Every structure is written in structure tokens, then in C-alpha cells.
Amino acid sequence: MSLANKNILLGVSGGIAAYKSAELVRELVRAHAKVRVVMTHSAKKFVTPLTFQALSDNSVLSDEFEQAEATNGMDHIALARWADVVLIAPASANTIAKLTHGGADDLLSTTCLVTHAPIALAPAMNQAMWSNSATQDNVETLQKRGFLFFGPASGQQACGDIGEGRMFEPHQLLLSLSNLFNTGELTDVNVMVTAGPTQEPIDPVRYISNRSSGRMGFAIAEAAYDAGANVHLISGPVALAKPQGVEYASVKTAQDMFDAVQANIKIQQIFISCAAVADYRPVAKQPNKIKKLHDDLSVTLVRNPDIITEVAKQSNKPFVVGFAAETQELEKFALHKLERKRLDMIAGNDVSENEIGFDNEENALEVYWPGGHCSLERDTKTKIARRLISLIAQRYANTHKRSNVTILKNAKDRSQNTR
Ligand code: C5P
């Protein structure tokens with residue numbers, strides 16, 4: 001599973017194992033995760049913030065009241081929302097005790113009280129501290145509340161003792177973290193996603209296009225991959241890196257996209273059409289650059305093929321999900337498209353607001369299917385994509401009457417965004 005683009009908030013509390021967390025940050029960055037580090041005061045006695053700052057390429061935070069410029073505007077609320085997962089490694093006996101009792105006297109403990117993200121703890125302490133019934137009671141309480149424990153391992157300890165209390169090694173923590181994102185909701189399902197705009201050439205240097213950045217489609221492809229799908233992503237021209245683990249085709253025009261979709265659609269079980277396909281193209285591309293010889297100029301446009309409609313018409317069609325980018329009457333137009341294009345689901349987004357939707361980091365979706373509706377409230381495109389994939393997995397499982405109950409359970413858990 002991929003940790004690429006996952007927001008990992010690493011809490012470092014006081015313990016000699018903190019030096020291993022420096023290696024962990026390095027591994028996370030290598031895996032293309034986004035890492036922010038929060039240190040407790042005692043952690044700074046073991047490793048300097050500068051080490052983590054250099055490795056994570058982000059300022060390291062400790063206090064709730066650090067100056068805004070030092071924290072890049074990330075207070076505890078912003079950090080808590082930003083995180084996909086909080087990992088505290090090493091988690092000291094004191095930090096475990098503090099979390100058990102809801103203490104909030106530094107940035108790490110405060111953030112843990114605010115976040116809805118899963119919190120994982122990698123305990124590291126002397127074996128006697130770990131086996132002490134106070135610590136064990138705290139661990140039990142936290143587990144009941146949904147906190148995850150990665151380790152500890154047994155073996156030789158820094159103090160010379162032998163026993164349980166060693167922090168998991170960085171590679172074990174990396175694996176445990178990436179397993180968290182493996183929902184298994186679409187294991188071995190073939191999913192095709194279209195993304196980005198298309199470019200319809202007028203002449204060799206000019207084209208008609210739109211403001212789609214491709215970010216939503218790429219996030220959906222990543223989320224489908226994390227859910228275990230075999231993903232085929234077909235994208236128009238975008239300035240994004242190809243997501244890891246997916247089959248990728250880059251196209252320019254709507255006709256190219258149509259051809260690329262048709263070439264592989266037969267083996268797909270789910271088709272998600274997120275691309276902002278140009279509805280029209282110039283009737284012919286001029287062979288040479290058009291000169292400004294006249295006061296006005298007309299370009300005749302003709303209709304492009306409607307890719308999703310052609311897919312939905314097929315016998316033995318996949319589960320088809322469309323997008324409706326609207327500037328008005330979202331529900332009416334989305335429902336109309338759902339019916340007219342004979343889709344299984346449609347995700348409507350309001351592109352009239354400037355801050356969300358097209359060419360933005362955030363989005364909000366109103367998702368409709370025959371007889372149902374769900375609002376995915378404003379969030380980053382990555383998080384919206386995960387919730388949408390959960391919803392699609394649920395609907396797909398329902399319509400295909402798949403008996404795998406874990407698929408349904410996971411989908412439900414994730415769409416409710418519970419810890
Ligand atoms: O009809 P409208 O373009 O608003 O429908 C949007 C949906 O149709 C999106 O899912 C988009 O990807 C898809 N579409 C398509 N081919 C087109 C135009 C739109 O697949 N030529």
C-alpha cells in the first residue's frame with residue numbers, strides 16, 4: 001500500500017528511542033508521505049527539533065502558543081484537521097498517562113484531543129514501566145477508546161534490562177502505518193478513472209480547454225488503489241505526478257480520451273468519470289497558426305463524443321459514476337444527468353464558489369444514486385476522494401450483492417469517519 005500524499009502527524013515524546021523516529025521521518029518522506037512533527041519538551045532533550053525539521057522539511061512544533069510564522073499558521077486545530085493519522089513514536093509512559101486522562105498542556109496532547117484522525121502509539125519505555133499496572137490500565141483504557149498500539153517489542157533495552165518495552169523499528173512502523181490506509185474495500189476490483197481537462201486544438205499553438213487541475217481524479221485513483229483496486233487512470237494534460245501503483249495513460253483531446261477508455265473498458269467493473277471533458281471541439285485543427293487578419297474570427301465547433309454515456313450504454317456495463325460540475329441548481333441538474341446518462345451514481349459539485357471545486361485543494365460533493373443521497377462536506381480533495389471511494393464501494397457491493405461482509409463494514413466505518 002502507498003503512503004504517498006498521506007498526512008502523517010508524528011508526535012515525539014521523551015525517550016531514547018526518539019533517535020529512531022528521525023529514521024522513521026526519513027523513510028516516510030522517501031515514501032512521499034507529508035510529515036509534520038510535534039515534540040514534547042522532554043523529547044527535545046534526546047533529539048533536537050532541527051533534526052526533525054531538516055528531515056521533514058517542515059518546522060517542528062511543541063507549544064500551542066508558538067508564533068504563527070514559526071508554525072506556518074498550523075495551530076492545534078489546523079494540525080488536527082490536517083492529519084490523516086497521528087502516530088506518537090516513541091510514546092512514553094507519561095504521554096500514555098496524559099492521553100488517558102485527557103491532559104492538554106502542550107501541543108501534542110491538545111492536538112490529540114481535537115483530532116478525528118486515528119491515533120497510533122508506539123510505546124517505548126523500560127520493561128518495568130511498561131508492565132506496571134498503572135501503565136497497563138492506561139493502555140487498556142486507550143484501546144477501548146480506539147487508540148491503536150504498534151508494539152512494543154521485546155528484547156534488550158537501552159538501560160540494559162531485557163523485556164517488553166522496545167519501540168518498533170522504523171520499518172515496522174512504516175508497515176503498520178501503511179496498513180491503516182489499506183481498507184480492502186475494493187480488493188481486486190478493476191477501476192477506471194478519467195481525470196483532468198481535455199485540450200481541443202484550434203491551430204498548432206492554441207486550444208480550447210478548462211480550469212480542471214486533475215487533482216480530484218488523481219485523488220480518487222489513489223484512494224481506489226489504497227482500497228485494493230487495480231486502477232487504470234486516464235488523464236488529460238495536468239501538472240501532477242503519476243500516482244504510484246496505477247496504470248496511467250496521458251491523453252490530450254476528448255477523442256483521445258474516448259479511444260483510451262474504449263480500449264480497456266470491457267474489463268472494468270467500476271468506471272469513474274471525473275474528467276472535465278470538452279463538450280465541443282473546433283471542426284478542424286488549422287494546419288498553421290491563425291493570423292490576426294480580421295477584426296473578428298469565428299471558430300466552428302462540433303460536439304465531442306460523450307464518453308460516459310457511451311460507457312453506460314454498453315451491455316454488461318460497469319458500475320458508472322459521473323460528475324456534475326454546476327454553477328446553479330446542483331441537485332436538479334445532477335439528478336437529471338443521473339437519469340439521462342443512465343448512471344449508477346453522480347457526484348455533484350458546486351463550481352460557482354471560487355474557493356472549492358475546479359483548480360482548488362478542497363472540494364465538497366453532493367452524491368446521488370437512484371433512491372439515495374449523501375453529502376460529503378467540505379474537506380481536502382484527498383479526504384473527499386477516500387469518502388467517495390467508500391461510498392462507491394458500498395453501492396457497488398449492494399448492486400453486485402457481494403457477500404463479503406467486511407467490504408460493507410469497512411465502507412460504513414470509513415464513510416462515518418470514525419476512529
Ligand atoms: O453533461 P456533462 O458534461 O455535464 O456531464 C458530466 C459528466 O459526463 C462527467 O462525469 C464527465 O466526465 C462526463 N463527460 C464525458 N464526456 C463528455 C462530457 C462529459 O464523459 N464529452
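What you see below is based on every heavy atom in this structure, not just the backbone, and it leaves out hydrogens, waters and symmetry mates. Note that this is a predicted model, so its numbers are computed, not measured. For ligands, and for the atoms within them, numbers begin at 1 and follow the listed sequence.
In this structure, the protein non-hydrogen atom closest to atom 8 (O) of ligand 1 is Lys341 NZ, 3.1 Å. In this structure, the protein non-hydrogen atom closest to atom 4 (O) of ligand 1 is Lys337 NZ, 2.4 Å. Residue, atom and distance of the protein heavy atom nearest to atom 16 (N) of ligand 1 are Ile307 N, 3.0 Å. The protein non-hydrogen atom at the shortest distance from atom 18 (C) of ligand 1 is Asp279 OD1, 3.5 Å.
The pair Lys381-Glu362 does not meet the salt-bridge criterion, since no charged nitrogen lies less than 4.0 angstrom from a carboxylate oxygen. Checked for salt-bridge contact, Asp106 and Lys98 meet the test: a charged N lies under 4.0 Å from a carboxylate O. Comment: Lys313 engages Glu310 in a salt bridge, judged by a side-chain N to carboxylate O separation of less than 4.0 angstrom. Look at Arg81 and Asp379 and you find no salt bridge, because none of the NZ, NE, NH1 or NH2 atoms lies under 4.0 Å from a carboxylate O.
Considering both main-chain and side-chain atoms, Arg340 never comes within under 3.5 Å of ligand 1 through any nitrogen or oxygen pair. Checked by distance only, ligand 1 and Phe323 come closer than 3.5 Å through their nitrogen or oxygen atoms. In terms of polar-atom proximity, defined here as any N/O pair under 3.5 Å, Pro305 does make such a contact with ligand 1. Considering backbone and side-chain N/O atoms, Ser273 comes within less than 3.5 Å of an N/O atom of ligand 1.
Within the 4.0 Å heavy-atom cutoff, Asp306 counts among the residues contacting ligand 1. Heavy-atom separations between Arg303 and ligand 1 are all 4.0 Å or longer.
Using a 4.5 Å cut-off on side-chain heavy atoms (C-beta onward), Ile272 and Ile389 make contact. Counting heavy atoms from C-beta on, the side chains of Met216 and Ile384 come closer than 4.5 Å.
Ring-plane geometry between Phe149 and Trp130 is classed as tilted, the angle between the planes lying from 30 to 60 degrees on a 0 to 90 degree scale.
With ligand atoms numbered from 1 in the order given, ligand 1 contributes 11 (C), 12 (O) to contacts under 4.0 Å with heavy atoms of Ala275. Of all the atoms in ligand 1, the ones that sit under 4.0 Å from a non-hydrogen atom of Ile308 are 8 (O), 10 (O), 13 (C), 15 (C), 20 (O). The Gly322 neighbourhood of ligand 1 comprises atoms 10 (O), with distances under 4.0 Å to a heavy atom of that residue.
Side chain of Thr198 to backbone of Lys252: no donor-acceptor contact under 3.5 angstrom is found. Panel note: side chain Arg281, backbone Arg303; a donor-acceptor pair is recorded below 3.5 Å.
At a 4.0 Å heavy-atom cut-off, ligand 1 does not touch Ile346 at all. Counting heavy atoms closer than 4.0 Å to ligand 1, residue Ala254 contributes nothing at all.
Nearest heavy atoms, His373 versus Ser375: CE1-OG, 3.6 Å.
In the candidate list Leu343, Val261, Val277, Val277 is nearest to atom 14 (N) of ligand 1, counting heavy atoms.
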